Amino acid sequence: MSDAFPQTASAPLLQVSGLGKSFGGLRALDSIDLTIFPGEVVGLVGDNGAGKSTLVRCIAGVYVPDEGEIRVDGMPLGPHGPKRAAELGIEVVHQDLALVMHGDVAQNLYLNREIHSRLPLLRQIGWLDKAAMRAGAREILAQVGMGGLVSVRQRVRDLSGGQRQSIAIGRAVGWSRKIVFLDEPTAALGVRQTKHVLDLIGRLRDRGIVVVLISHNMEQVLTTCDRVVVLRLGRKVADEPISNLDGPTLVSYITGVRQSEP
Amino acid sequence: MTVRNLIAVGGRPSTTAPTLSPGGVNDRRSFRWTDLTVYIGFVLVFAFFALTTADKGFLTVQNATSIVTAVTPIALMAFGAVFVLTAGEIDLSIGSVVALSALVTALGLRHFGLVGGVVCGLAIGVGTGLLNGLLIVGLRVPSFLITLGTMQLFSGIAQMSTQLQDVPILNPTYNTLFGSGMVGPVSDAVVWLLAGFVVAQIAYRNLAFGWRVMATGSDRRSARALGINTRRVRVAVMLISSLTAALAGMIYAGEVQGAVYTLGSNDLLTVLAGVVIGGTSLFGGTGSIFGALLGAILMAMIVNGLVLMGATVQQQIVVQGIIIVVAVAVSQRQPAE
Ligand SMILES: Nc1ncnc2c1ncn2[C@@H]1O[C@H](COP(=O)(O)OP(=O)(O)O)[C@@H](O)[C@H]1O
Ligand SMILES: [Mg+2]
C-alpha cells in the first residue's frame, strides 16, 4: 500500500470526505472522497457536467456542500465562504474567471484583499494604498508573462479573452500559498500563453505548492500531472497515478466504459 | 498581507518575461467621449443662459448663490444615488423620504427640542434605508420594484403624519444649522454640500467600501466568489441613499423653516438626471461623484435660467424632459445588438 502511494508518509494537505451537493433534484456531487498530499500536481477530468467546477467551488468556499467535510492541513473549512478558504491557503482560477469587468487590473488582483494605508487612523476606515497595489499588480503581471503588455489601470472589460484569463491566473498564482485550483485555465489561451501556464505550474510545484489542474486536454494532463482523478456524473470513478494511465484509458473512464472504483 | 509578502511568496519576479518600464504601456484609463457629457452640457447651458438672461441677472453673485443653495439637497441625494446605481440597484423612494424626514424632524423639534429633532430626522433615514435594503436582499426582489412600493408607502405615511398640514419650525438654532444660516455671502447649505462631497468622494474612490460597491454592481457573482458580502453591500447603499434623502429633507425644512408633505416630490427625476448626465451608469459598475455634483449643478442651473427667462412651471418640465432624453441618449447608449 505505502509502496504504491509513498506520499502517505506525510500528512494530507487537502482532505475531502463524503462530499455531496445537489441543485434542486440534480445530484451534482455524490459522496466524493479526495486526498491530496504536499508536492502533488493532480489532474481532475471528466465530461462536461461531471461536477468538476462544482467540486472546486465547494473547496473554494463559494458553495456550501450539503454533506461531507473539507479539511486543509487538518483544519475544517466550514461554511465560512471564500475568504476563509483563501486564509487556509486555497486559491482558485474559476472557469468563469470571476473577474469584475468594470474594475481595472490592479483592482481585480487585489479585490477583497486590499492593501490599506499604513496610517493607523486611515487604515481603520479601510483607506486604500493604491500605489502599493499597482506596484504589486505589476509584479504579478510579470509572473504570468504579461509584464509590460497590459497596464494595471486598464479596465478588464477592455482586455482580450486570453488577457483576462491571464489576469485570473495571476490573481490565483500571485497569492498562492498551499493549493491552486486551475479550472480549465488554458481554454482561451493561445499556444504561447498556454505554454506559459504549464511552465507556471512547474514553478508552483518547485515552490512546494499543490496544483489541481482541470482540463479537457488529455495530453496536457498526462504530461503535467502526477495523478489523475476522474469524475463522472458527480461520482469519482478513478483516482490513479499517471504511470497506470494513458490517453485511451482516461477516455474510457470519462465515458464510463471503464470504472475502477465501485 | 503586505505587498512585500506577496512578492516574496510570488518568488523571483521579473525573470519570467521581458518587463517593459511602466511607461511601456499607457498607464491611464481609456478615454471615452461620453465621459465629457456633463462638461459639454455644462458649458453649453451656461453659455446659453449667459447670453440670453445676462440682463436679468444670471451672471450675478446673488444668482450664483441661489443656484448653489438650490443645488445642495439635490447634490446630496445625487451622491447617494451614485452609490446605489454603481452597486447595480436603484432607489425610487428618495423623494418620499425627503418629505417624511422633513415632517418628522419638524415634529421632533416641536416635542423634543434640537437634538431630538435631528435624531428623529436621521432615524427616518436609517429606518427607511434599512427597510428598503432588507426587503431587497431578503425577498430577492429587484430594488426597482421594492422602492416603487416604498416610495408610495413613505409618501402616504408622510401625508398621514400631519393630515396634510404643514409644520412650522420655530427653533432658530436648527434653522441656522440647516440652510437658513449664512457663511459669508452664501447659505450654510454649502457647508453640507462640500462636506457631503468630500465624504462621498473618499468613500467612493479611496476606501475599500467603494471597490466593493463597484464589484457588486459590475459582476455580483464574481464579487461573491471573491468573498465579498454582496448582500451587505446592497443594504449599505440603500442605507446611504436614504440617509442622504433624509438629510436633504432636513435642509429643505431648515431653509423654509417648516415642513410640508410636498417637499421633495419633484426631486427623484432631477437627481437621477443629474447623476446620469454626470457619467454614472444605470447598469451598475461605474460612476462618478464629481460628475454627479456637476450634473446636479447643471440641473439647478437649467431651472434657474428658465425661471429668469420667465418660463412657466410647465415649460420648465418640458425642457427638463428634453434634457433628460438627450443626456441618456448620449451617455447611456447600449452597444448595437
Ligand atoms: N449554480 C448551479 N445551479 C444549478 N445547477 C448547477 C449549478 N452549478 C452547476 N450545476 C449543475 O451541476 C452539474 C455539474 O456542473 P459542473 O460542476 O459545472 O460540471 P463540470 O465543471 O464538470 O463541467 C451540471 O449538471 C450543472 O448543470
Ligand atoms: Mg466546469
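Per chain, numbering begins at 1; letters A, B, ... match sequence-line order. Note that the structure is a prediction, hence the values are computed from the model and not measured. FYI, side chains are in, hydrogens and waters are out, and symmetry mates aren't considered; it's all heavy atoms of this structure.
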Tell me, for B:R224 versus chain A, whether the close heavy atoms (under 4.5 Å) come from the side chain, the backbone, both or neither.
-> backbone

From the list A:L122, A:L99, A:V62, the residue making the most non-hydrogen contacts under 4.5 Å with chain B is A:L99

Which of the residues A:K83, A:H116, A:M101 is involved in the greatest number of heavy-atom pairs with chain B at under 4.5 angstrom?
-> A:M101

Salt bridge present between A:K52 and A:D183 (N-O < 4.0 angstrom) | no

Residues A:R113, A:E91: salt bridge by 4.0 Å N-O rule = yes

Below 6.0 angstrom between ring centroids: does that apply to B:Y204 and B:F290?
-> no

A:W175 ring center near A:Y110 ring center (under 6.0 Å) = yes

Non-hydrogen atoms of chain B under 4.5 Å away: do they reach the side chain of A:D96, the backbone, both or neither?
-> side chain

With a 4.5 angstrom heavy-atom cut-off, which part of A:R57 approaches chain B: side chain, backbone, both or neither?
-> side chain

Scan side-chain atoms only and decide if A:S166 and A:Q193 contain a donor-acceptor pair under the 3.5 Å cut-off.
-> yes

